[in-house]
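Contents: one structure, followed by commentary.
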Protein chains: 2
Amino acid sequence: MPLSAAAIVEAAHRLLLDYGLQDVSMRRLAGELGVRPGALYYHVPSKQQLLADVAHRILAPLADPPGTVGVEELMRRFRATVLPIRDGADLMLIAFGLNPGLPPVPALRRGLERLGLASGLAHERAQIVMHFALGAVAAEQNAALLHPTPETTDREAPNRETTGPETTRGAALYDEGLRLLMPTAD
Amino acid sequence: MPLSAAAIVEAAHRLLLDYGLQDVSMRRLAGELGVRPGALYYHVPSKQQLLADVAHRILAPLADPPGTVGVEELMRRFRATVLPIRDGADLMLIAFGLNPGLPPVPALRRGLERLGLASGLAHERAQIVMHFALGAVAAEQNAALLHPTPETTDREAPNRETTGPETTRGAALYDEGLRLLMPTAD
DNA sequence: ACCTGAACACCGTTCAAGT
DNA sequence: ACCTGAACACCGTTCAAGT
């Protein structure tokens with residue numbers, strides 16, 4: 001069967017999980033799919049749009065969390081989803097630039113309303129929380145990449161079955177940031 | 001006189017201000033300096049280190065603010081410094097990965113201690129605030145780049161004397177985030 | 001409709017050899 | 001000491017031409 005946008009997005013997703021963002025190139029993707037680079041552009045408008053689609057696939061599980069999942073837990077899942085992907089936060093920054101309403105934003109907004117914020121305030125707060133989350137994960141990943149700790153040093157090997165750059169230090173910092181941004185004391 | 005690391009950093013800085021991060025390439029930089037690309041590597045170990053040095057230059061004015069400058073004002077200056085530079089936040093993310101103690105972090109820590117936080121807590125809070133600031137500016141810039149508003153559409157022209165992607169919306173969101181992260185109600 | 005071939009205009013980095 | 005020349009191993013994107 002011929003190539004399709006969906007097949008390209010899927011291959012890019014696999015490449016991302018196995019080798020990280022810097023190995024997701026249009027030329028390498030074409031090689032993986034047994035096709036010439038130019039062929040991709042018949043199905044996909046640009047690399048940027050392709051990456052945004054991949055981000056959407058990754059974040060889809062965060063779109064409709066059960067009502068029992070609180071806002072903080074939702075954002076912990078966001079971190080846990082993005083952190084194991086090499087340069088995952090950079091990808092998300094690109095994706096949220098293209099589409100600010102990506103998951104988990106709508107669920108985040110609903111959760112904040114459930115906590116008592118009016119619609120407008122919930123919208124504002126959701127963006128603030130999202131900005132913090134993106135910045136925190138990006139900083140955490142860049143730090144891990146540049147001065148790797150023993151536990152984080154698994155280059156060249158695929159990072160699929162790996163714990164990733166998870167650290168208790170990073171998690172605690174993230175949790176404290178979330179706590180400060182939750183609607184309560186103000 | 002021969003080339004020097006300082007001259008390269010300065011040329012990279014100028015290129016960044018005039019054309020944005022994606023135009024700061026080792027080859028273009030070499031061209032600007034009238035030299036072959038390989039020559040740069042005699043003075044500078046890598047592009048990444050070079051960019052970190054440029055970031056340091058840009059943030060230097062935020063290192064020692066007068067005691068009258070509060071924490072929120074300091075962070076507003078950080079945003080005002082980074083926002084007009086095309087992909088400035090991406091650059092800062094690279095730089096803070098390489099060196100988490102870059103300005104305005106030390107001043108931020110001191111300011112938070114002045115507001116009553118113990119040293120350890122001030123350190124923690126400074127990182128949280130910094131993560132938010134980096135995420136917020138990065139999101140703001142990526143959004144401006146991808147769906148430009150009329151006021152923001154100044155491609156191809158140098159962005160030196162330009163207002164940049166400043167918006168009242170972005171500023172208000174940023175201020176509110178800072179407010180929530182300031183030590184008071186808890 | 002879908003893809004190839006080939007080009008356009010680039011990258012970061014290394015390193016023997018020249019001066 | 002400082003730089004060139006030349007290579008290595010790549011990029012994203014376009015588009016006439018083929019099937």
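Order of the sequence lines sets the chain letters (A, B, ...), proteins ahead of strands, with each chain counted from 1. Since the model is a prediction, treat every value here as computed from it, not as a measurement.
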message = side chain to side chain contact (heavy atoms under 4.5 Å, CB included) for Val137(A) and Met92(A)? Distances and angles first, verdict last.
response = CA-CA 10 Å; Val137(A) 178; Met92(A) 294 307 159; over 6 Å; no
Between CG of Leu33(B) and P of dC2(D) the distance, given in whole Å, is 15 Å
d(Glu176(B) CD, Ile128(A) CD1) to nearest 0.5 Å is 5.0 Å
Taken to the nearest whole Å, CD/Gln22(B) to C1'/dG12(C) is 17 Å
Quiz item: For Leu181(B), does its backbone N or O pair with a side-chain atom of Arg125(B) as donor and acceptor, under 3.5 Å?
Solution: yes
Between the protein and nucleotides 17-19 of chain C, are there any N/O to N/O pairs under 3.5 Å, and if so, what are the atom names and distances?
none

Next item on the list: Decide, yes or no, whether a salt bridge links Arg77(B) with Glu73(B) under the criterion of side-chain N to carboxylate O below 4.0 Å.
Entry: yes
Between OH of Tyr19(A) and C1' of dC10(D) the distance, given in whole Å, is 17 Å
| Checking Gln141(A) side chain against Leu83(A) main chain: does a donor-acceptor pair fall under 3.5 Å? | yes
On a heavy-atom basis, the closest approach of Phe96(A) and Pro103(A) is CZ-O, 3.5 Å
| said: dT13(D), OP1 or OP2 - any side-chain N/O from Tyr41(A) closer than 4.0 Å? | reply: yes
Grab the N/O contacts between the protein and nucleotides 3-9 of chain D below 3.5 Å, and write none if there aren't any.
residue	atom	partner	partner atom	Å
dC3(D)	OP1	Leu3(B)	N	3.0
dC3(D)	OP2	His43(B)	NE2	2.5
dT4(D)	OP2	Arg36(B)	N	2.8
dG5(D)	OP2	Arg36(B)	NE	3.4
dG5(D)	OP2	Arg36(B)	NH2	3.2

note: Arg28(A), atom CZ; dG12(D), atom P; distance rounded to Å ~ 12 Å
query = Expressed as a whole number of Å, how far does the P atom of dC8(D) sit from that of dA9(C)?
reply = 23 Å
task: Using atom types as modelled and distance alone, determine if a side-chain donor or acceptor of Glu32(A) lies under 3.5 Å from a backbone N or O of Ala11(A).
output: no
Inset, instruction - Assess whether atom CZ of Arg57(A) is packed by more than 12 heavy atoms of other residues, nucleotides or ligands within 6.0 Å. - result: yes
### Close side-chain approach of Leu173(B) to Glu124(A), heavy-atom, < 4.5 Å
yes
Under the salt bridge (Lys or Arg N to Asp or Glu O under 4.0 Å) criterion, do Arg14(B) and Glu10(B) qualify, and how do the steps go?
CA-CA 6 Å; Arg14(B) 211 170 38 236; Glu10(B) 197 197 317; 3.6 Å; yes
Base-pair string, DNA chain D, Watson-Crick plus G-U, cut-off 3.5 Å on both distances, | for inter-strand, is ||.|||||...|||||.||
Quick one, Glu140(B) and Thr167(B) - any side-chain contact, counting heavy atoms below 4.5 Å? yes
